[in-house]
Peer 1: 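This is the structure I want to talk about, given as structure tokens.
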Amino acid sequence: MAAPKVAVVGAGVIGLSTALCIAETCPSCSVTVLSDQFSPNTTSDVAAGMLIPHIYPGTPIHVQKQWFKETFTYLFAISNSAEASEAGIHLVSGWQVFKNSPKEELPFWSDIVLGFRVMSKAELQKFPQHQFGHAFTTLKCNCPSYLLWLAKRLKATGVQIYTRKVTDLWELHSEYNVVVNCTGIGACQLVGDEKIFPVRGQVLKVHAPWVTNFIRDGDGLTYIYPGMHNVTLGGTREKGNWSLAPDPGTTEDIFDRCCSLEPSLRGAQDIKVKVGLRPSRQHVRLQKEVLSRGGIKLPVVHNYGHGAGGFSVHRGTAKEAARLVGECIAALQGSSSRAKL
Ligand code: FAD
């Protein structure tokens with residue numbers, strides 16, 4: 001069999017990182033990324049890019065932990081390299097605070113982030129409305145920089161990148177041996193997945209360089225995430241809402257909530273509003289499927305539905321998707337050598 005041709009559909013953090021993992025694990029493959037939108041026009045560009053896992057109720061915790069660990073280890077190495085500023089990856093320390101003590105004192109990821117500990121009474125004085133908290137150091141991506149960095153790495157490894165809207169995965173069967181579906185919320189239309197739904201998120205990006213620690217309310221709704229170029233203030237979680245239009249009332253509400261956690265934000269300037277649709281599902285769809293028409297088969301690997309936590313687990317799920325692509329190629333090579341006998 002000639003060099004296997006793999007098409008990855010989607011150019012958010014999941015598509016680009018999956019294409020990179022495939023190119024790294026299968027150097028003989030010819031990998032192409034096809035997408036109708038690229039940075040800065042993807043959901044991935046809107047994300048705050050904090051490595052704090054979101055829980056997927058339909059996925060075993062040990063699997064989620066593995067995905068997070070692989071992602072953290074990968075980005076930690078980048079943060080510690082000369083690439084850190086171009087890739088937009090840095091460490092950030094801060095607090096997750098709770099109005100009522102959470103049921104479980106230790107989240108599953110507490111031994112992966114750095115220096116995780118329960119906050120002292122003295123630290124909690126900063127948050128008079130909260131009675132319990134965790135302090136830790138994690139990683140943050142400046143998402144547009146990271147997407148550009150991934151695209152640059154892809155081009156350097158010979159991956160082709162084209163603008164193309166795919167209306168049916170089957171349309172790729174005559175050009176590619178394996179197709180990888182990383183279309184995020186686009187999978188709703190592309191493969192008619194009724195289990196995926198949007199969870200609208202509105203955030204503000206503000207200039208407030210004096211805010212250097214992250215602060216996250218334990219309910220996950222209100223957060224302040226300082227980054228390389230701005231501070232992300234969030235947020236909202238609106239299930240089933242497809243609107244990408246910023247809502248001025250929500251902007252005011254987010255700003256007030258964040259100011260009640262960090263009053264100095266009243267002096268923030270240059271407020272920009274962003275909206276994204278989290279591609280949410282009970283569990284990430286990370287599996288093989290073989291499409292078949294008229295006796296012709298097309299192996300597909302799905303990797304979408306990362307909801308509120310795509311950045312936190314992207315490298316782990318990309319590695320697993322690349323492993324599944326390897327299985328598809330091995331099966332194709334097995335059947336082509338059997339056909340020659
Ligand atoms: P996308 O970025 O949407 O990429 C999908 C790609 O597929 C796009 O390029 C699109 O053009 C392409 N596509 C779709 N359909 C087709 C088609 N038919 N043909 C061709 N191309 C197609 N996660 C974290 O881990 N940490 C955070 O701090 C965080 N904060 C967030 C804050 C907000 C406000 C939001 C909205 C999300 C946040 N997330 C966060 C979640 C994260 O953004 C997502 O999980 C992640 O971006 C999903 O990536 P994706 O590549 O699957 O989707």
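Note that ligands are numbered from 1 as they come in the structure, with each ligand's atoms numbered from 1 the same way.
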Peer 1: Below the 3.5 angstrom mark, is there an N/O of G49, backbone or side chain, next to an N/O of ligand 1?
Peer 2: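 By distance alone, the answer is yes.
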Peer 1: For atom 23 (N) of ligand 1, what's the nearest protein heavy atom and its distance?
Peer 2: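 Of every protein heavy atom, A308 O, 3.0 Å lies nearest to atom 23 (N) of ligand 1.
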Peer 1: Taking NZ, NE, NH1 and NH2 as the nitrogens, is one of them in R266 or D256 under 4.0 Å from a carboxylate oxygen of the other?
Peer 2: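 Result for this pair is yes, salt bridge flagged.
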Peer 1: Below the 3.5 angstrom mark, is there an N/O of I185, backbone or side chain, next to an N/O of ligand 1?
Peer 2: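 No, there is no polar N/O contact under 3.5 Å.
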Peer 1: Closer than 3.5 angstrom, by distance alone: can the side chain of R237 be matched with the main-chain N or O of V199 as a donor-acceptor pair?
Peer 2: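 Such a contact is absent between R237 side chain and V199 backbone.
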Peer 1: Below a 4.0 angstrom heavy-atom separation, can you tell me which part of V9, side chain or backbone, both or neither, approaches ligand 1?
Peer 2: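 The answer is the side chain.
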Peer 1: Quick one: look up the protein heavy atom nearest atom 12 (C) of ligand 1 and list residue, atom name and how far away it is.
Peer 2: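 Heavy-atom neighbour on the protein nearest atom 12 (C) of ligand 1: S35 OG, 3.4 Å.
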Peer 1: Measure centre to centre between the rings of H314 and Y146, then say whether the value is under 6.0 Å.
Peer 2: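 Yes, they do, as the ring centres are separated by less than 6.0 Å.
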Peer 1: Going through the checks in order, is the side-chain hydrogen bond (donor to acceptor under 3.5 Å, both in side chains) test met by T222 and R257?
Peer 2: CA-CA 7 Å; T222 305; R257 278 190 273 129; 2.8 Å; yes
Peer 1: Measure the spacing between CH2 of W149 and SG of C141 and express it to the nearest 0.5 Å.
Peer 2: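 Answer for the CH2-SG pair, W149 versus C141, is 10.0 Å.
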Peer 1: May I ask you to check if ligand 1 and G310 share an N or O to N or O distance below 3.5 Å?
Peer 2: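 Between G310 and ligand 1, an N or O pair is found under 3.5 Å apart.
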Peer 1: At less than 4.0 angstrom from any non-hydrogen atom of C182, what atoms of ligand 1 do you find?
Peer 2: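 What qualifies from ligand 1 is 5 (C), 6 (C), 7 (O).
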Peer 1: Students should be able to answer this: which protein heavy-atom is nearest to atom 26 (N) of ligand 1, and at what distance?
Peer 2: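 Of every protein heavy atom, M50 O, 2.9 Å lies nearest to atom 26 (N) of ligand 1.
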Peer 1: Should the ring pair Y225 and Y223 be called parallel, tilted or perpendicular, given that the plane angle runs from 0 to 90° and is split at 30 and 60?
Peer 2: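 The rings of Y225 and Y223 lie parallel, inter-plane angle below 30°.
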Peer 1: Going by the closest heavy atom to atom 15 (N) of ligand 1, which one wins out of T138, T183, T317, N181?
Peer 2: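 Residue with the shortest heavy-atom distance to the ligand atom: T183.
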Peer 1: Write out the residue and atom name of the closest protein heavy atom to atom 37 (C) of ligand 1, then the distance separating them to 0.1 Å.
Peer 2: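 Closest protein heavy atom to atom 37 (C) of ligand 1: R278 CG, 3.6 Å.
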Peer 1: Short list, please: which atoms of ligand 1 are under 4.0 Å from a heavy atom of T42?
Peer 2: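 Taking each heavy atom of T42 in turn, ligand 1 has 2 (O), 9 (O) under 4.0 Å.
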Peer 1: Classify the contact between Q202 and ligand 1 as side chain, backbone, both or neither, using a heavy-atom distance cut-off of under 4.0 Å.
Peer 2: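 Under 4.0 Å from ligand 1, Q202 contributes no heavy atoms.
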Peer 1: At what distance is the nearest protein heavy atom to atom 18 (N) of ligand 1, and which residue and atom is it?
Peer 2: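 Going by distance alone, atom 18 (N) of ligand 1 is nearest to V166 O, 2.8 Å.
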Peer 1: Who gets closest to atom 48 (C) of ligand 1 by heavy atom: S312, P279, P53?
Peer 2: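 Result: the heavy atom closest to atom 48 (C) of ligand 1 is in P279.
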Peer 1: Can you tell me how far CH2 of W109 sits from CZ of F72, rounded to the nearest 0.5 angstrom?
Peer 2: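 Reported to 0.5 Å precision, the distance equals 10.5 Å.
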Peer 1: Check the pair R323, T25 against side chain to side chain contact (heavy atoms under 4.5 Å, CB included), reporting the backbone distance first and the verdict last.
Peer 2: CA-CA 8 Å; R323 194 186 66 74; T25 53; over 6 Å; no
Peer 1: Q129 side chain to K99 main-chain N or O, any donor-acceptor pair under 3.5 Å?
Peer 2: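 No, Q129 side chain to K99 backbone: no donor-acceptor pair under 3.5 Å.
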Peer 1: Using a strict 4.0 Å cut-off to heavy atoms of V13, name the atoms of ligand 1 that fall inside it.
Peer 2: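 Near V13, meaning under 4.0 Å from one of its heavy atoms, ligand 1 has 49 (O), 51 (O).
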Peer 1: Between the side chains of N181 and T183, does any donor sit under 3.5 Å from an acceptor?
Peer 2: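 Yes, T183 and N181 have a side-chain donor paired with an acceptor closer than 3.5 Å.
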Peer 1: Quick check on the 6.0 Å ring-centre criterion: do Y304 and H306 meet it?
Peer 2: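 Centroid separation for Y304 and H306: 6.0 Å or greater.
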Peer 1: Quick one: which ligand 1 atoms are inside 4.0 Å of a heavy atom on F311?
Peer 2: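 Numbered from 1, ligand 1 contributes 23 (N), 24 (C), 25 (O).
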Peer 1: In ligand 1, which numbered atoms sit nearer than 4.0 Å to a non-hydrogen atom of K165?
Peer 2: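 Under 4.0 Å from K165, ligand 1 has these atoms: 19 (N), 20 (C).
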Peer 1: Heavy atom under 4.0 Å from ligand 1: found in C143's side chain, backbone, both, or neither?
Peer 2: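 For C143, no heavy atom sits under 4.0 Å from ligand 1.
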Peer 1: May I ask you to check whether D217 and H130 show a side-chain donor-acceptor distance below 3.5 Å?
Peer 2: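 Checked: D217/H130 side chains pair up, N/O donor to acceptor below 3.5 Å.
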Peer 1: Which label fits F132 and H134: parallel for a plane angle under 30°, tilted from 30 to 60°, or perpendicular past 60°?
Peer 2: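 Aromatic pair F132/H134 classed perpendicular.
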Peer 1: Using a strict 4.0 Å threshold on nitrogen-to-oxygen distance, state whether R117 and E123 make a salt bridge.
Peer 2: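 So R117 pairs with E123 through a salt bridge.
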Peer 1: Contact between V180 and I22 at the side-chain level, heavy atoms closer than 4.5 Å - yes or no?
Peer 2: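 Counting from C-beta outward, V180 and I22 do come under 4.5 Å.
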Peer 1: Does ligand 1 come near enough to Q37 that some N or O of the ligand is less than 3.5 Å from an N or O of the residue?
Peer 2: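 It does: an N or O of Q37 is found under 3.5 Å from an N or O of ligand 1.
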Peer 1: Give the residue and atom name of whichever protein heavy atom lies nearest to atom 13 (N) of ligand 1, and the separation in Å to one decimal.
Peer 2: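 Nearest protein contact, heavy atoms only, for atom 13 (N) of ligand 1 is D36 OD1, 3.4 Å.
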Peer 1: Which atoms of ligand 1 are found less than 4.0 Å from any heavy atom of G10?
Peer 2: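 Matching atoms, with element in brackets: 6 (C), 7 (O), 12 (C).
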Peer 1: Is it the side chain (CB and beyond), the backbone, both or neither of A187 that lies under 4.0 Å from ligand 1, heavy atoms counted?
Peer 2: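 None of A187 does.
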Peer 1: Determine the sole option in V211, I271, L261, L265 for which the side-chain contact (heavy atoms from CB on, under 4.5 Å) test with L233 is passed.
Peer 2: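 Only one of V211, I271, L261, L265 forms a side-chain contact (heavy atoms from CB on, under 4.5 Å) with L233, namely L265.
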Peer 1: Should you measure from each heavy atom of H306, which atoms of ligand 1 turn up under 4.0 Å away?
Peer 2: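 Counting from 1, the qualifying ligand atoms are 45 (O).
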Peer 1: Closest non-hydrogen protein atom to atom 30 (N) of ligand 1, residue and atom name please, with distance?
Peer 2: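 Heavy-atom neighbour on the protein nearest atom 30 (N) of ligand 1: A48 N, 3.2 Å.
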Peer 1: Distance to 0.1 Å, residue and atom name: give those for the protein heavy atom nearest to atom 50 (P) of ligand 1.
Peer 2: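 The answer is I14 CG1, 3.6 Å.
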Peer 1: If we only consider heavy atoms of V203, is any one of them less than 4.0 Å away from an atom in ligand 1?
Peer 2: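 Distance cut 4.0 Å: V203 passes for ligand 1.
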Peer 1: Under a heavy-atom criterion of less than 4.0 Å, does R164 contact ligand 1?
Peer 2: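 Under 4.0 Å: yes for R164.
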Peer 1: Between F214 and F136, is the ring-ring contact (aromatic ring centres under 6.0 Å, His included) condition met? List the steps.
Peer 2: CA-CA 10 Å; F214 76 81; F136 55 95; 5.1 Å; yes
Peer 1: Please state which option from G307, G184, G276, A11 has its nearest heavy atom closest to atom 42 (C) of ligand 1.
Peer 2: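 It is G307 whose heavy atom sits nearest to atom 42 (C) of ligand 1.
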Peer 1: Taking 4.0 angstrom as the limit and counting only heavy atoms of S44, give me the atoms of ligand 1 inside it, by number and element.
Peer 2: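 Heavy-atom distances to S44 below 4.0 Å select 1 (P), 2 (O), 46 (C), 47 (O), 49 (O), 50 (P), 51 (O).
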